[in-house]
Amino acid sequence: MAFALMGPEASFFRVLDQHRVSLIQSLKEGPGEAPRKEASSSEVLVSIENIIQDIVTSLARNEAPFLTLDNRSNWENIKFEDSVGLQMIPHCSTKKIKSDSAQSAQRFALILKILSMIYKLVQSNTYATKRDIYYTDIQLFGNQSVVDNIINDISCMLKVPRRYLHILSTSKGLIAGNLSYIEEDGTKVNCTCSTAVAVPSNIQGIRNLATDAKFLLIVEKDATFQRLLDDNFCNKLSPCIIITAMSFEAHNLTVPTIRWLGLLPSDIERLNIPKDTLIPLTKRDQMKLDSILKRPYVTCQPFWKKEMEIMAELKMKAEIQALTFISSDYLSRVYLPNKLQFGGWI
Amino acid sequence: MYIPGKCTGKVDEKPPTLMADCLVIKQFLHRTSIVHPKVRFHFGGEVNGILFKETFGVEKEPVVKLLNGIGLLTSQHHYMRPGFLGAQQVCSRIHPVLGHPVLLSIPDEEANMGLLGQLTLTPAAALCPCHKLHPDQTSRISAAFVFLYGPSGLPLIFPNQEHPLTVFKDNSYLFDWKKYHLRAAPNSNISLEDDLVLPDVSYWIESHERSWPQDSDQQILLLFLMVDFQGGFPAQLTEAWGLQSLLLTHLNSILLENQSLVQGAVQTAVDQALEQHHRRVKAQQKLQASIPVAVSSILSVVAGSTRSSFRALCLQTLQAVDTQEFRRRLHEAFQMTLHQRSMCDPKKQQLPEPSSSAEEREEGDESLDEALAGSCCPGEAPRPKRSCQGEGVGRKAQAASWLPLLSLGEAPQRSIGTGPTCSQARGWGGPETRGEDTLWLQEVSNLSEWLRAGPGSRPVP
């Protein structure tokens with residue numbers, strides 16, 4: 001496959017290449033945790049049947065059945081692995097979802113409902129989005145976030161990624177850059193075009209993935225993504241891929257880890273970002289900041305801690321758009337190239 | 001404080017009339033005693049040589065202070081028989097919620113008739129029995145009892161008396177039952193009971209939303225309406241009863257004039273009293289709503305599985321021959337687990353001491369304090385102390401001897417005493433009365449036993 005010869009000199013990517021080597025090395029030397037097993041459809045079906053069987057057995061004994069879920073809301077149960085990112089610790093604390101308690105009976109029933117729907121999807125090898133699940137009975141589910149949470153709980157409970165439950169994300173993500181692949185129906189996709197490509201909902205069917213990209217840039221906002229496209233960023237810093245955050249999900253990543261480029265709190269002072277472009281932290285922001293600083297895994301990340309402490313002291317935050325006040329193309333022309341060339345990530 | 005007082009009299013009545021009159025007096029005294037916990041009433045008499053005696057007002061009974069020195073005895077046994085209507089291991093007390101007093105406007109016509117002053121009405125509401133020990137137990141309100149008290153905490157209406165308060169014939173005068181999906185109908189089938197206080201107004205209550213499970217416990221809504229009147233001048237005791245009568249004569253018009261105020265005050269108190277009941281109902285609804293969803297989900301997986309061993313095992317575990325029976329057994333099994341939870345040992349329930357807007361005060365009873373600490377009124381409150389010793393066989397024997405006397409048509413001679421209103425009894429424990437005590441102790445059948453032979457039982461829905 002030929003790509004247009006564009007982009008900076010090879011030496012531009014020296015720091016990135018070193019970073020890549022160190023990541024691969026850390027993967028090899030890692031704690032030795034076995035990579036997540038790829039579950040087959042029949043294994044998913046059997047897992048669901050086992051849960052049902054346990055419930056029926058409890059009922060036969062006149063015992064109120066319950067479900068045991070990993071407690072995802074307790075940060076003590078979360079660790080950060082360089083090679084993976086955030087993940088549940090082994091033998092984490094769990095919570096019981098009881099069928100005979102007014103507080104949890106509804107959730108118990110909804111989990112079973114979605115389990116039965118997943119069972120049918122996997123059995124028939126069909127797919128549905130999270131939104132589809134919600135719309136099967138909006139009165140029962142109440143709102144989308146209830147469905148999303150339960151799907152995540154089931155994913156943890158069965159210890160398989162969501163895609164193995166045949167439930168797709170409904171996000172409308174965009175991707176552009178040094179990437180080509182063939183979709184399930186045989187369509188050939190080349191993301192090097194000047195316009196972005198929509199990320200397919202069902203990535204299971206993708207094959208012949210090909211790329212020479214030195215890095216994958218995840219862009220939080222669609223507007224900023226569009227700005228980078230307009231500034232021809234993918235070609236200027238080729239070979240690379242840019243993708244919107246909407247299409248980004250941690251457990252579906254095929255790259256070992258993420259680094260945060262910016263806008264960092266330390267950038268605000270360093271770049272002399274105009275004060276009138278800054279936004280005061282809300283009470284919610286403050287509480288979130290305090291909460292993150294207390295999370296166990298943050299204590300092992302001194303750079304993150306430092307940045308959050310700067311933010312707490314400043315009591316201000318800045319959107320990426322604040323860079324446009326320096327110049328309209330500052331982001332793609334100066335900021336990102338410098339960050340990438342000199343390793344300005346944490 | 002101990003203030004002695006005594007009323008005596010003789011009556012000349014036929015036995016049925018005497019019986020009825022005694023019941024009425026008993027009710028009046030009982031009704032008065034529950035709001036005057038410091039006062040003890042001894043009611044006794046001699047009929048054809050047979051003595052009877054009953055005491056109202058017991059030491060060491062839990063009390064809630066309502067207002068202006070008026071308290072309310074909160075032991076459930078005054079209002080409902082223990083074990084009545086399926087209540088199991090319930091809290092032995094009621095927890096009245098005191099509403100805000102409302103100033104009633106007095107129409108000119110009533111003012112011209114001598115009712116000059118400030119008239120206030122204060123409601124208090126409670127559910128009986130209290131179900132806080134079993135928050136998951138289904139319950140429904142089956143009746144509402146209204147107790148009216150006038151100034152000085154005396155029952156406004158004499159028990160079993162025809163009264164002019166026709167406002168209460170309108171079911172919706174006091175309370176918007178629809179708010180709680182209930183409907184009310186007046187209940188006139190009230191008979192004088194021996195040891196329960198008789199309401200002035202009673203309603204049958206039923207829910208018009210859904211039929212309740214067979215094992216639902218039933219509760220009664222108790223509503224106490226305290227009417228107070230301040231005329232601006234100190235009233236003599238002899239005037240108190242006159243004021244009571246004047247009030248009763250005109251109260252209907254006043255209540256009609258102030259319906260929205262009265263309803264508002266009552267609604268607020270009842271809302272609070274029913275709050276937990278309402279929450280319990282909602283919790284039950286959540287539990288019940290979850291069962292069909294769980295059942296159909298389980299059935300969907302079992303019926304849709306291609307693994308015959310899995311299907312067979314599930315059916316076999318619940319002893320079902322087919323998926324239809326499996327569905328039924330699943331449903332029954334879930335219901336059974338809910339039922340078992342609601343019947344679980346209340347000691348395992350960790351419930352805070354129930355709060356009440358009224359100040360709780362117990363009459364110097366340390367033992368009762370200890371029993372109540374940290375839990376919702378475990379166990380039974382002390383039963384009313386029978387004044388006559390010699391309960392049991394002796395008393396029953398006297399009852400047997402009493403009845404034949406009645407059947408012979410003998411008419412005990414009695415004239416009604418015309419002395420001052422006596423709300424206080426003479427000191428029965430004093431040295432000058434010990435001789436009389438001995439006399440009382442000779443009696444073998446108290447009035448309750450004798451009267452129990454008469455008609456009447458609590459209204460049963």
Side-chain angles (χ1 to χ4, degrees), chain A residues 41-67 96-126 133 136-137 139-142 146-147 150 154 158, chain B residues 134-138 276 278-320 323 326-344 349:
Chain A
S41 292
S42 60
E43 282 168 345
V44 172
L45 293 177
V46 168
S47 296
I48 295 175
E49 286 173 0
N50 287 341
I51 291 170
I52 298 299
Q53 197 172 311
D54 286 344
I55 290 172
V56 172
T57 305
S58 292
L59 288 171
R61 288 194 204 130
N62 278 337
E63 291 166 3
F66 59 89
L67 296 167
K96 271 187 187 176
I97 308 295
K98 295 180 185 177
S99 61
D100 61 342
S101 159
Q103 281 87 4
S104 61
Q106 202 175 22
R107 193 166 180 85
F108 176 86
L110 292 183
I111 292 173
L112 287 186
K113 171 81 178 173
I114 295 179
L115 268 175
S116 70
M117 295 172 78
I118 290 169
Y119 191 85
K120 282 207 165 358
L121 288 171
V122 173
Q123 214 178 31
S124 59
N125 199 23
T126 52
I133 302 280
T136 56
D137 197 333
Q139 204 166 9
L140 177 69
F141 293 119
V146 167
V147 173
I150 290 176
I154 291 174
L158 303 182
Chain B
H134 289 281
D136 292 332
Q137 170 63 20
T138 51
Q276 192 171 56
H278 193 56
R279 272 193 271 130
R280 204 166 44 243
V281 166
K282 283 231 173 296
Q284 272 303 312
Q285 286 171 346
K286 272 189 189 172
L287 285 166
Q288 290 298 323
S290 69
I291 293 177
V293 177
V295 165
S296 60
S297 303
I298 293 169
L299 187 64
S300 168
V301 173
V302 172
S305 172
T306 54
R307 277 204 308 149
S308 56
S309 57
F310 165 70
R311 289 199 315 272
L313 184 60
C314 286
L315 262 64
Q316 192 185 342
T317 304
L318 282 185
Q319 297 175 355
T323 50
F326 184 66
R327 174 192 284 273
R328 188 175 56 79
R329 287 193 185 267
L330 275 174
H331 198 97
E332 284 168 1
F334 271 113
Q335 289 286 7
M336 182 62 74
T337 59
L338 293 187
H339 179 79
Q340 277 180 340
R341 182 187 159 86
S342 68
M343 291 295 130
C344 74
Q349 305 267 356

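Nothing here was measured: the structure is a model prediction, and the numbers come from that model. Residue numbers begin at 1 in each chain, while the letters A, B, ... track the order of the sequences.
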(message) Check this for me: Q316(B), atom CD, are more than 12 non-hydrogen atoms of other residues, nucleotides or ligands nearer than 6.0 Å?
(response) no
(request) Find out whether P65(A) and D54(A) are in side-chain contact, i.e. whether some heavy atom of one side chain is under 4.5 Å from a heavy atom of the other. (result) no
(request) Answer with side chain, backbone, both or neither: which region of V295(B) has an atom nearer than 4.5 Å to a non-hydrogen atom of chain A? (result) neither
(request) Can you tell which part of I51(A) gets under 4.5 Å to a heavy atom of chain B, answering side chain, backbone, both or neither? (result) neither
(request) Check the surroundings of atom CD in E49(A): do more than 12 heavy atoms from other residues, nucleotides or ligands lie under 6.0 Å from it? (result) yes
(request) Sort Q123(A) into side chain, backbone, both or neither according to what part of it lies under 4.5 angstrom from a heavy atom of chain B. (result) side chain
(request) Inspect the surroundings of CZ in F66(A) and state if more than 12 heavy atoms from other residues, nucleotides or ligands are less than 6.0 Å away. (result) no
(request) Go through the steps to decide whether I118(A) and L158(A) satisfy the test side chain to side chain contact (heavy atoms under 4.5 Å, CB included), and finish with yes or no. (result) CA-CA 12 Å; I118(A) 290 169; L158(A) 303 182; 5.5 Å; no
(request) Check whether any side-chain heavy atom of I150(A) lies under 4.5 Å from a side-chain heavy atom of F141(A), and answer yes or no. (result) no
(request) Let me know if E63(A) has heavy atoms under 4.5 Å from chain B in its side chain, its backbone, both or neither. (result) backbone
(message) Which one wins on heavy-atom pair count under 4.5 Å against chain A: V301(B), V302(B), V293(B), I298(B)?
(response) V301(B)
(request) Measure distances from I55(A) to the heavy atoms of chain B and classify the residue's part below 4.5 Å as side chain, backbone, both or neither. (result) side chain
(request) Go through the atoms of T306(B) and report whether side chain, backbone, both or neither lie under 4.5 Å from a heavy atom of chain A. (result) both
(request) Heavy-atom distances under 4.5 Å only: say whether F326(B) touches chain A with side chain, backbone, both or neither. (result) side chain
